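Since the structure comes first, as structure tokens, the remarks are kept for the end.
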Amino acid sequence: MLELNPADYSAIWLTLKLAAVVTLILLIIGTPLALWLATSRSKITPWIDALVALPLVLPPTVIGFYLLLAMGPNGPIGSISQWFGITSFAFSFTGLVIGSVFYSLPFVVQPIRNAIQAMGKRPLEVAATLGAGPIDRFCTIILPNAKPGFMTAAVLGFAHTIGEFGVILMIGGNIPDETRVVSVQIYDHVESLAYAQAHQLSAIMLVFSFFVLLLVYSLNTRSGKQARVF
């Protein structure tokens, strides 16, 4: 039987809130980016491709370190926040959102992009010759045909945000009710030798991750290659 303390419940609630906010933002900014990458033949496409995929190969602590510098007083994000009267996004929930959006970006962009590429250009070209505008083509052609890709992207973006640790610790630290998410709470329990509590939270993460993967592979089975992740 689970015996979670108030700090555990707070970490779970903060983690779910972070994952929900980040997934919504990722779908909003990731959809046009994936559409552009799937259809563009520009010379800068490989550069944007590499930038989007960067979190896949970089250690999370490296990403967290540079994001922390960017949020500092002399960094580009920090300068913008100071212009709006905000001291810094570092060690705040907003900072976690910014870092998580960048870190989980490829897990949302790639499935949507793959689904659009699998659909092919022909349906869009036919719709355009019939007078359908960009929004009409997106709502009536792209969205229904690439639906498995969008669903896979949402599930992976949510799940990947929930499992973050390195980036979260670098940007947000370990502030109760503000930046202490589940992964940091587990680390905290281990540091204090509270292995029973760490085990309970870890077991929840393990079961959650399994069912996320089960959902993604079920989507892949139903839709063939349209929901391919990478």
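Positions are given from 1, in the same order as the sequence printed here. All figures in this text were calculated on a predicted structure; none of them were measured in a lab.
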Going from OG on S202 to CD on Q185, what distance comes out if it is rounded to the nearest 0.5 angstrom?
->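 So the gap between those two atoms works out to 11.0 Å.
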Gap separating the NE2 atom of H199 from the NE2 atom of H189, nearest 0.5 angstrom | 12.5 Å
Taking only residues two or more places apart in sequence or in another chain, which ones pass salt bridge (Lys or Arg N to Asp or Glu O under 4.0 Å) with D136?
-> none
Would you please name every residue forming a salt bridge (Lys or Arg N to Asp or Glu O under 4.0 Å) with D188, sequence neighbours left out?
-> R180
Between the side chains of S92 and E178, does any donor sit under 3.5 Å from an acceptor?
->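 There is no such pair (donor and acceptor under 3.5 Å, judged by atom type) between the side chains of S92 and E178.
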Does a side chain donor of either T45 or S40 reach within less than 3.5 Å of an acceptor in the other side chain?
-> yes
Give the cluster check for [X] versus [Y]: same hydrophobic cluster or not, with ILVMFWY residues linked at side-chain heavy-atom distances below 4.5 Å.
X	Y	result
M151	F211	no
F210	L213	no
I77	L68	no

Side-chain heavy-atom pair [X], [Y] within 4.5 angstrom cut-off:
X	Y	value
M205	I186	yes
E164	V181	no
L4	I12	yes

Indicate the ring-plane relationship of H160 and Y103, choosing parallel, tilted or perpendicular according to the 30° and 60° boundaries.
->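 Tilted.
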Enumerate, atom names and distances included, each donor-acceptor pair closer than 3.5 Å involving a side-chain atom of residues 29-39, sequence neighbours excluded.
from, atom 1, to, atom 2, distance (Å)
T31, OG1, L27, O, 2.6
T39, OG1, L35, O, 2.8

Should we count CZ of F208 as having more than 12 external heavy atoms under 6.0 Å?
->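 For F208, atom CZ is crowded (more than 12 foreign heavy atoms under 6.0 Å).
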